Novice: 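The structure is given below, and queries will be raised subsequently.
Because the structure is predicted, anything quoted here is derived from the model rather than measured.
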Amino acid sequence: MLLPLLGAAAALLVGRHPRVQRAVSIAVLAGVVGVSVALLLIADAEGAAAVAVGDWPVPVAIMLVVDRLSALMLVVASTVGLGVLVFAVGQGTADGDEETPLSIFHPTFLVLMAGVSYAFLAGDLFNLYVGFEVLLTSSYVLLTLGGSAPRIRAGITYVVVSLLSSLLFLASIALIYAATGTVNLAQLAIRLPELPDGTQLMLQAMLLIAFGIKAAVFPLSAWLPDSYPTAPAPVTAVFAGLLTKVGVYAIIRTQTLLFPGGALDDVLMWAALATMLVGILGAVAQSDVRRILSFTLVSHIGYMVFGIALATTAGLAGAIFYVVHHIAIQTTLFLVAGLIERRGGTTSTARLGGLATASPVLAVLFFVPAMNLAGIPPFSGFIGKVGLLDAGIAVGGWQVYVLVGGAVVTSLLTLLAMSRVWTRAFWRPPTQAASADTAAAAARDAGPDDGAEDDPAGGEEPAEEPLPEGLAGGATSTTTARRTGRRGAWQRHVAVATAAPAGGEGQPTGGANGSRPSTRPLPAVMMAATTTMVLLTVGLTVIAGPLYGMTTRSAGDLRERTPYIEAVYGAEVGG
């Protein structure tokens, strides 16, 4: 927690020196990765540990608690955060941020990582709320970088939904404190069972709704697909990888520690099924790579909720394993989407084509995590899904079997969605992409003047669609669309990218119709960061056995509850 906060202060002080700022940010996050790995090794070998901030006595003290679950989440979060930061540095350098530095990005990114770490380590509900607010406040800034109209609109939706969930969470904390006299998680685990069943159910439901919004669990997930795709590629990647998973972590922690009775497990099962199916059906209906990935993000949250709802050691182990897998996979795929946009000039599959020929390496970088997301063996996605399905079959019951069937259908539809991106953006010749886009434009022009602004390829046609731009300032390309005439015809005006002062490799040379991908090589640092992330996702398959063993031990601790409670009350506080 302290490293990224101090690093954010240092990065802000050296904001006029971009190279120094980048070096500070990368060094700080590398240090966080090292500390997180050390905490994971200690927690796995010696069990949970706690620190009382300010040396106050329990339960008055602000407790920071690390166990196998929180340490594992810290390692994964800091690792993907470092990968995204390196990608962002490469993008900013390629687009010339030395000329127009946006010095606020690096401090804000580090504060976001501090908030994520704080949420994973918080030992009481109020400081869990504080961790959420720190990361959310940072995310508001990152989401609206550039100040374009689509980003501002998406930012407004995101802020409103986030504030609503935060208010609900804060109200839940107030009611829990009124009922029990504490917000310390370990003490609540002892006191909550003494409350009437109705009171427990109400408090549990309020927390689940608040965390369900943050985790994008259906029907509380409608905000996500419209918010994430508008942000720059590195921002979208870290949002997709981490922010919803903090909400999933909060559900796991509170469900197992505070409400182990399983009163709402049936509700969670139906929510998991709806999240999987509605999310993946939305993905299949899209034609934009980022929107497809946003809907698959929502859909696969359902797998995690499925494992939580089973409330068994095997189910929780599968859920934790899938959280780790999904953080890495979604982050990687959104980084690849950023490279696709730079290479092809757009992320619309209706306008893309020929990328496999234009950039074979980029094709491999997409294909591997895409198949992993779909659960093709022997990747970690397959292992995680099989673990969850085995846990469900072991529990039995018609409701679980329906959920198992829904999980299988979701996996098949994920494969369909990823295959459509592959065939349209990578395999299809660029001339066919141009012809398809021209035909779609003609169909729009000939259509009735009914006020519709829908893209017939599957997604909404935005009033302003940003093309690749430097995250930290510099040269940008913007496509704007204006609706004119009685028949509602669209006239597209393309502003050609200005030359990046620092060598803007990867700027698209093709037009909006995607007739010709860029022939310039993608920036080496961005490619290296993305390749490393792809190798990380493959590495999860290599270490799947030890990793699944750790998640099983973590699930056992969660089910037992005593290791967490003993870590807090056995901590050396007050001298």
Novice: Given side chains that start at C-beta, do those of Asn127 and Met63 come closer than 4.5 Å, heavy atoms only?
Specialist: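 No, every pair of side-chain atoms sits at 4.5 Å or beyond.
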Novice: Quick check for you: to the nearest 0.5 Å, what is the distance between Met371 atom CE and Leu373 atom CG?
Specialist: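 Those atoms lie 8.5 Å apart.
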Novice: Taking all heavy atoms of Leu257 and all of Ala189, pick out the closest pair and write down the distance.
Specialist: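 For Leu257 versus Ala189, the nearest heavy atoms are O-CB, 3.5 Å.
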Novice: Grab the two heavy atoms, one from Ala407 and one from Met276, that are nearest each other, plus how far apart they are.
Specialist: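 Nearest pair, atom of Ala407 first, then Met276: CA-SD, 3.8 Å.
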Novice: Report yes if some heavy atom in the side chain of Ile62 is under 4.5 Å from a heavy atom in the side chain of Trp56; otherwise report no.
Specialist: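 No. Closest side-chain heavy atoms not under 4.5 Å.
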Novice: Do you know which two heavy atoms are closest between Leu268 and Ala309, and how far apart they sit?
Specialist: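 Reported closest heavy-atom pair: CB-CB, 3.6 Å.
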Novice: Could you tell me if Tyr177 and Thr182 have a donor-acceptor pair between their side chains, going purely by distance under 3.5 Å?
Specialist: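 The answer is no; no qualifying pair exists.
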Novice: Using atom types as modelled and distance alone, determine if a side-chain donor or acceptor of Asn372 lies under 3.5 Å from a backbone N or O of Gly381.
Specialist: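 It does hold such a pair.
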Novice: Tell me the closest heavy-atom pair linking Ile292 and Ala417, and the distance in Å.
Specialist: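 Reported closest heavy-atom pair: CG2-CB, 4.3 Å.
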Novice: Hey, does the side chain of Ser138 reach the backbone of Val134 with a donor-acceptor pair shorter than 3.5 angstrom?
Specialist: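 Yes, Ser138 side chain to Val134 backbone: donor-acceptor pair under 3.5 Å.
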Novice: Let's go through Leu416 and Leu412 carefully: what are the C-alpha distance in whole Å and the side-chain angles of both, what is the deciding distance for side-chain contact (heavy atoms from CB on, under 4.5 Å) to 0.1 Å, and is it a yes or a no?
Specialist: CA-CA 6 Å; Leu416 173 63; Leu412 294 175; over 6 Å; no
Novice: According to the interplanar angle, ranging from 0 to 90°, do the rings of Trp422 and Phe366 count as parallel (below 30°), tilted (30 to 60°) or perpendicular (above 60°)?
Specialist: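 Ring orientation of Trp422 relative to Phe366: parallel.
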Novice: With respect to His106, which candidate in Val28, Val89, Ile26 satisfies the side-chain contact (heavy atoms from CB on, under 4.5 Å) definition?
Specialist: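 Considering Val28, Val89, Ile26, a side-chain contact (heavy atoms from CB on, under 4.5 Å) with His106 is found only for Val89.
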Novice: Do side-chain atoms of Arg191 reach the backbone of Thr180 as a donor and acceptor pair under 3.5 angstrom?
Specialist: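 Yes.
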Novice: Does this structure show an ion pair linking Asp67 with Arg253, if we count only N-O contacts that are shorter than 4.0 Å?
Specialist: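 Yes, this pair counts.
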Novice: What class does the angle between the rings of Tyr158 and Phe239 fall in, given that below 30° is parallel, 30 to 60° is tilted and above 60° is perpendicular?
Specialist: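 Judged by the thresholds at 30° and 60°, the geometry between Tyr158 and Phe239 is parallel.
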Novice: Run the numbers on Thr256 and Leu316 for side-chain contact (heavy atoms from CB on, under 4.5 Å), then give the verdict.
Specialist: CA-CA 9 Å; Thr256 57; Leu316 287 171; 3.8 Å; yes
Novice: To the nearest 0.5 angstrom, please state how far the CD atom of Glu46 sits from the CG atom of Leu41.
Specialist: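 Reported to 0.5 Å precision, the distance equals 10.5 Å.
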Novice: Answer yes or no: is there a side-chain heavy-atom contact under 4.5 Å between Val238 and Thr331?
Specialist: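 Side-chain contact under 4.5 Å: no.
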Novice: Determine the minimum heavy-atom distance between Ala210 and Leu168, stating which atoms define it.
Specialist: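 In this case the closest contact between Ala210 and Leu168 is N-CD2, 3.7 Å.
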Novice: Has the side chain of Ser554 got a donor or acceptor atom that lies under 3.5 Å from a matching backbone atom of Met550?
Specialist: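 Here the side-chain-to-backbone pair does not exist.
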Novice: If you look at every heavy atom in Ala119 and Val246, which pair is closest and at what distance?
Specialist: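 That closest heavy-atom pairing would be CB-CG1, 3.7 Å.
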Novice: State whether the side chain of Thr244 and the backbone N or O of Ala215 hold a donor-acceptor pair below 3.5 Å, judged by distance alone.
Specialist: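 No.
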Novice: Fit a plane to each ring of His326 and Tyr322, take the angle between them on a 0 to 90° scale, and name the class: parallel (under 30°), tilted (30 to 60°) or perpendicular (over 60°).
Specialist: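 Parallel: the ring planes of His326 and Tyr322 meet at under 30°.
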Novice: Apply side-chain contact (heavy atoms from CB on, under 4.5 Å) to Val235 and Phe105, showing your working.
Specialist: CA-CA 10 Å; Val235 175; Phe105 169 76; 4.3 Å; yes
Novice: Could you grab the distance from atom CG of Leu258 to atom CG of Leu207, nearest 0.5 Å is fine?
Specialist: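 The CG atom of Leu207 is 7.5 Å from CG of Leu258, to the nearest 0.5 Å.
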Novice: Looking at Gln200 and Leu195, would you say the former's side chain and the latter's main chain have a donor-acceptor pair under 3.5 Å?
Specialist: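 Pair found, side chain donor or acceptor close to backbone of Leu195.
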Novice: Once you round to the nearest 0.5 Å, how far does CD1 of Ile393 lie from OH of Tyr401?
Specialist: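 Spacing of CD1 (Ile393) from OH (Tyr401) equals 7.0 Å.
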Novice: Can you tell if the side chain of Thr79 reaches within under 4.5 Å of the side chain of Val75, non-hydrogen atoms only?
Specialist: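 Thr79 vs Val75: side chains touch.
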Novice: Are any non-hydrogen side-chain atoms of Val217 and Ser221 less than 4.5 angstrom apart?
Specialist: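 Side chain of Val217 against side chain of Ser221, heavy atoms only: no contact under 4.5 Å found.
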Novice: Will you find, in the side chains of Tyr564 and Asp557, an N or O donor that is under 3.5 Å from an N or O acceptor?
Specialist: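 There is no such pair (donor and acceptor under 3.5 Å, judged by atom type) between the side chains of Tyr564 and Asp557.
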Novice: Under 6.0 Å from the six-membered ring centre of Phe132 and within 45° of its axis: does the NZ or CZ of Lys214 meet both?
Specialist: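 Yes, Lys214 sits over the ring of Phe132.
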Novice: Examine distances only and state if a side-chain atom of Trp223 and a backbone atom of Leu220 form a donor-acceptor pair shorter than 3.5 Å.
Specialist: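 Yes, because the side chain of Trp223 sits within donor-acceptor range (under 3.5 Å) of the backbone of Leu220.
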Novice: State, yes or no, whether a side-chain contact exists between Lys245 and Ile301 at a heavy-atom distance under 4.5 Å.
Specialist: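 The answer is yes, as the side chains (C-beta and beyond) meet within the 4.5 Å cut-off.
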Novice: Are Asp124 and Leu128 close enough that some pair of their side-chain heavy atoms sits under 4.5 Å apart?
Specialist: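 No - every pair of side-chain heavy atoms lies 4.5 Å or more apart.
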Novice: Does a donor on one side chain and an acceptor on the other come within less than 3.5 Å for His300 and Thr410?
Specialist: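 Absent: no donor and acceptor within the cut-off.
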Novice: Is there side-chain contact between Asp265 and Gln255, with heavy atoms separated by less than 4.5 Å?
Specialist: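 Yes, side chains in contact.
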Novice: Rounded to the nearest 0.5 Å, how far apart are CD1 of Ile320 and CE of Met73?
Specialist: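 The CE atom of Met73 is 9.0 Å from CD1 of Ile320, to the nearest 0.5 Å.
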Novice: Test side-chain contact (heavy atoms from CB on, under 4.5 Å) on Leu69 and Tyr249; report intermediate values, then the result.
Specialist: CA-CA 9 Å; Leu69 173 61; Tyr249 166 83; 3.7 Å; yes
Novice: Quick one: pull up OH in Tyr569 and CG in Asn184 and give me the separation to the nearest 0.5 Å.
Specialist: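 So the gap between those two atoms works out to 5.5 Å.
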Novice: With no hydrogens and no angle check, is any side-chain donor or acceptor of Thr551 less than 3.5 Å from a backbone partner on Tyr548?
Specialist: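 Side chain of Thr551 to backbone of Tyr548, a donor-acceptor pair under 3.5 Å: yes, one is there.
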Novice: Is the backbone N or O of Leu74 less than 3.5 Å from a side-chain atom of Ser78, with the two atoms forming a donor-acceptor pair by type?
Specialist: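 Yes, because the side chain of Ser78 sits within donor-acceptor range (under 3.5 Å) of the backbone of Leu74.
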Novice: Sort out for me which residue in Thr312, Ile308, Thr313 forms a side-chain contact (heavy atoms from CB on, under 4.5 Å) with Leu310.
Specialist: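 Of Thr312, Ile308, Thr313, side-chain contact (heavy atoms from CB on, under 4.5 Å) with Leu310 is met by Thr312 alone.
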Novice: Please confirm whether the backbone N or O of Leu136 pairs with a side-chain atom of Ser139, one donor and one acceptor, at under 3.5 Å?
Specialist: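 Yes.
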